[in-house]
2 protein chains.
Amino acid sequence: MAITIKDVAKAANVSIATVSLVMHNHRRISKETKVKVLEIIEQMNYRPSRSARGLVSRRTGNIGFILTNDHFLRTEPFYTHIFIGTEIEARENDFYVLLNTINSDFNERDQLPRFILDRNIDGVIIAGKVPQLLMEKLSHYNFPVVYIDFIPANKNYSTVLVDNVMGGRLATNHLIDLGHKNIAFIGGDIGHPSISDRLTGYMKAIESANLPISPDLIETSENYPARTNGYNAARKLLSVNKNITAIFACNDAMALGVIQYLKDQGKRVPQDVSVMGFDDVVSESSVDPPLCTVRVPTMEMGMEAMKLISTLLKEYEFYPKKIMMPVELVVRQSTQKI
Amino acid sequence: MAITIKDVAKAANVSIATVSLVMHNHRRISKETKVKVLEIIEQMNYRPSRSARGLVSRRTGNIGFILTNDHFLRTEPFYTHIFIGTEIEARENDFYVLLNTINSDFNERDQLPRFILDRNIDGVIIAGKVPQLLMEKLSHYNFPVVYIDFIPANKNYSTVLVDNVMGGRLATNHLIDLGHKNIAFIGGDIGHPSISDRLTGYMKAIESANLPISPDLIETSENYPARTNGYNAARKLLSVNKNITAIFACNDAMALGVIQYLKDQGKRVPQDVSVMGFDDVVSESSVDPPLCTVRVPTMEMGMEAMKLISTLLKEYEFYPKKIMMPVELVVRQSTQKI
DNA sequence: GTGAAAGCGCTAACAT
DNA sequence: ATGTTAGCGCTTTCAC
């Protein structure tokens with residue numbers, strides 16, 4: 001049998017009300033009793049029951065985390081890191097995180113995540129792109145929602161975003177600084193804001209350096225930014241334009257495909273062509289050469305989202321906030337001076 | 001304000017006790033009232049409060065899931081799949097899963113997972129190898145524990161295991177069936193039961209086929225089964241033994257390293273050397289050629305573990321059970337007839 | 001500054 | 001077969 005507030009009260013010779021007030025740091029409690037009670041709590045290793053608390057406070061102390069299953073299960077640990085970030089921050093705020101994946105083709109017949117129906121959460125964090133329908137259904141419930149790496153159509157939400165434009169600039173400027181003039185951009189799923197922002201960053205950097213923005217340097221016809229698509233994009237691009245000395249791929253997966261294609265063509269990376277990725281989700285040892293990329297602070301994004309929702313919940317601040325997370329250039333051996 | 005049992009009782013013109021009994025499928029309830037009450041529950045979309053239930057039943061309805069952070073964060077989604085499996089099965093059993101990663105060097109100063117200290121779970125699932133100390137500390141609490149893919153020193157636990165010996169046989173027999181005579185085994189961290197079992201399966205298959213078991217066909221000196229170690233192991237092996245026509249790596253990561261080494265040596269896979277992996281965690285498109293391997297039913301393992309713990313909890317069956325999960329040969333293009 | 005007591009939503013023993 | 005009620009552990013109002 002676990003220790004209850006009664007046991008603590010008895011041991012401390014006070015009422016259970018006093019114990020409760022001490023735990024909530026109430027100011028009307030004298031210093032002495034406070035110290036005494038806290039000591040006993042520590043000593044008896046007392047932990048309040050979440051069920052009892054939840055019952056009276058109408059709070060579960062849980063936060064729901066929703067993403068699509070293909071996001072969660074994809075090889076690169078992008079969303080896994082975000083999830084861990086929420087978990088770590090949850091510890092500080094005394095929340096628990098419940099994860100629920102949904103189908104990426106979420107439709108009318110699909111149930112909302114169980115924790116919504118059960119009302120077993122106080123708020124929701126949604127990571128990555130999710131179907132419009134989910135958001136609509138969700139809006140019938142009154143839970144605060146924070147989005148990560150996704151801008152919902154209805155902008156009236158708090159979000160944690162990546163500064164993709166800045167990342168695109170950083171990557172491109174790095175190649176420019178290395179002396180490259182013919183710098184290509186390879187993208188997939190260019191309709192996705194994150195990807196098009198990276199292209200924007202690329203273009204801004206190219207313009208700032210007074211280099212030409214040429215259509216035969218930009219290949220964005222692939223519909224998904226995966227490895228094989230990177231391979232194909234590189235083939236399309238390089239069979240047309242022979243002058244390219246540097247390629248900025250919109251993410252690491254595509255960059256791997258690009259490197260593969262170059263190798264298959266007998267070209268050396270970075271001696272013949274420099275290659276940059278984006279996201280920093282490829283472990284250093286798994287590519288040769290180690291991939292130069294832009295780091296996205298995934299874990300920190302999860303943490304920020306949890307902080308946000310925690311504030312929303314504790315301070316009843318329901319107006320939306322946007323947090324833009326900075327990115328960072330990670331120089332590795334897949335790029336070099338021309 | 002959410003619907004409560006009172007609202008349902010009032011609407012159905014019965015007492016709250018009756019509603020409760022209906023929900024628990026008690027036999028002393030007449031068919032008519034049962035139907036009526038269920039209808040109203042459906043209609044009002046009533047969901048019982050977990051907090052209230054938990055308070056009286058002394059059950060939280062949560063299951064804790066523990067693994068080390070390097071397991072969770074590693075690139076291959078092995079443990080991610082297992083986790084999802086527990087989540088999916090949890091839905092059937094009306095549990096929620098709380099994830100908590102721990103440091104792989106968990107020591108005296110580290111806290112146990114928060115859900116243990118908080119007593120916010122009814123049972124624990126542990127996946128993969130965890131430090132001995134964690135298990136010891138955990139044993140002071142009276143939670144039922146189920147292990148996945150790990151055999152704790154104290155065998156008195158329920159576990160869900162992979163039939164690695166069978167997998168080793170399947171892989172090796174596949175190569176034998178293709179006509180190979182000089183089949184090598186590459187392993188890392190050979191002290192780990194999963195890995196040594198795969199070697200055992202290899203040896204059994206080789207013996208059964210009346211082929212010789214030769215030390216210059218077996219390379220297990222690497223201390224970790226990762227890609228670069230596979231590369232190195234292949235180098236050691238092939239620089240000594242030139243006759244090898246097939247290599248069975250103890251997992252997919254090492255197999256990737258092996259393929260890399262062979263390519264770097266100008267050998268073709270599978271024309272010159274056939275390569276097999278184990279685990280099936282490498283997405284088909286990310287290797288050339290697609291890797292022939294042994295599939296481990298990761299998601300199903302998570303599901304089985306959750307079923308196990310659910311049974312433990314609901315039927316008070318506390319004697320340990322072992323579940324051995326079958327594996328499956330996955331033929332792809334990295335192997336061929338000699 | 002501290003205590004008594006009501007009540008959160010539910011289960012289960014007991015009453016009818 | 002159904003209803004009444006005590007009580008699970010806690011927060012919070014109100015009294016002292």
Side-chain angles (χ1 to χ4, degrees), chain A residues 1-41 44-62 94 96 117-122 313-314, chain B residues 1-41 44-62 94 117-122 313-314 316:
Chain A
M1 212 46 255
I3 309 288
T4 75
I5 198 170
K6 270 190 193 166
D7 303 320
V8 176
K10 198 178 290 176
N13 239 319
V14 295
S15 72
I16 61 165
T18 302
V19 177
S20 179
L21 291 176
V22 167
M23 285 196 303
H24 291 87
N25 225 335
H26 203 288
R27 51 200 158 70
R28 285 187 325 190
I29 296 288
S30 74
K31 188 128 194 185
E32 303 92 71
T33 44
K34 186 171 166 181
V35 169
K36 181 176 66 181
V37 170
L38 285 177
E39 225 163 53
I40 302 233
I41 286 178
M44 300 181 83
N45 195 20
Y46 165 67
R47 300 273 181 148
S49 146
R50 302 207 127 222
S51 302
R53 273 200 169 161
L55 184 55
V56 36
S57 68
R58 288 134 192 295
R59 286 284 180 81
T60 63
N62 300 329
D94 204 25
Y96 282 94
L117 304 172
D118 274 359
R119 292 191 158 74
N120 192 27
I121 47 159
D122 302 332
L313 252 19
K314 284 179 180 152
Chain B
M1 212 45 259
I3 309 288
T4 75
I5 197 171
K6 269 190 194 165
D7 303 320
V8 176
K10 198 178 290 173
N13 239 320
V14 294
S15 72
I16 61 165
T18 302
V19 178
S20 178
L21 291 176
V22 166
M23 284 196 303
H24 290 88
N25 224 334
H26 203 288
R27 52 197 157 71
R28 283 187 325 192
I29 297 288
S30 74
K31 188 129 193 184
E32 303 92 71
T33 43
K34 185 171 165 179
V35 169
K36 180 177 67 180
V37 170
L38 285 177
E39 224 163 54
I40 303 230
I41 286 179
M44 301 181 84
N45 195 20
Y46 165 67
R47 299 272 181 149
S49 146
R50 300 208 129 223
S51 302
R53 272 200 169 162
L55 185 54
V56 36
S57 68
R58 286 133 194 295
R59 287 285 180 82
T60 64
N62 300 328
D94 204 24
L117 304 173
D118 274 0
R119 291 192 159 70
N120 192 26
I121 48 159
D122 302 332
L313 252 20
K314 284 180 181 153
Y316 303 97

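Letters A, B, ... mirror the listed sequences (proteins, then strands); counts begin at 1.
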| said: Could you tell me if the side chain of B:V19 sits less than 4.5 Å from the side chain of B:K6, heavy atoms only? | reply: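 With C-beta onward as the side chain, the pair stays apart.
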| message | For a 4.5 angstrom cut-off between non-hydrogen side-chain atoms, does A:R47 reach B:N120? | response |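 No - every pair of side-chain heavy atoms lies 4.5 Å or more apart.
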Nucleotide [N], atom [atom2] - distance to [atom1] of [X] in whole Å:
X: B:D7; N: C:dC8; atom1: CG; atom2: P; answer: 11 Å
X: B:I29; N: C:dA12; atom1: CD1; atom2: P; answer: 13 Å
X: A:R27; N: C:dT2; atom1: CZ; atom2: P; answer: 14 Å
X: B:H26; N: C:dC14; atom1: NE2; atom2: C1'; answer: 12 Å

| remark: Under the rule of Watson-Crick or G-U wobble with both distances under 3.5 Å, where | means paired to another strand and [ ] a crossing pair, DNA chain C maps to ||||||||||||||||
| Between B:K314 and B:D94, is the closest basic N to carboxylate O distance under 4.0 Å? |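 A salt bridge is absent here (no side-chain N lies under 4.0 Å from a carboxylate O).
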| query | What pairs with A:R58 under side chain to side chain donor-acceptor pair (under 3.5 Å), at least two apart in sequence or on another chain? | reply |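 By the side chain to side chain donor-acceptor pair (under 3.5 Å) rule, A:R58 matches no residue at all.
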| query | Only one of A:I5, A:V8, A:I29, A:N13 clears side-chain contact (heavy atoms from CB on, under 4.5 Å) with A:T18; which? | reply |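 Filter result, single survivor: A:I29.
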| request: Heavy atoms under 4.0 Å is the rule here; annotate nucleotides 6-16 of chain D 5' to 3' with B where the base is hit, S where only the sugar-phosphate is, and - elsewhere. | output: -BBBBBB-B--
| So which heavy atom on B:R119 is nearest to which on A:A2, and how close? |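 What the structure gives for the nearest pair is CD-CB, 3.7 Å.
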| So, for B:A11 and B:M44, which heavy atoms are closest and what is the spacing to 0.1 Å? |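 In terms of heavy atoms, the two residues are closest at CB-SD, 3.9 Å.
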| request: Test B:N62 against B:R50 for side chain to side chain contact (heavy atoms under 4.5 Å, CB included), laying out the working first. | output: CA-CA 10 Å; B:N62 300 328; B:R50 300 208 129 223; 4.2 Å; yes
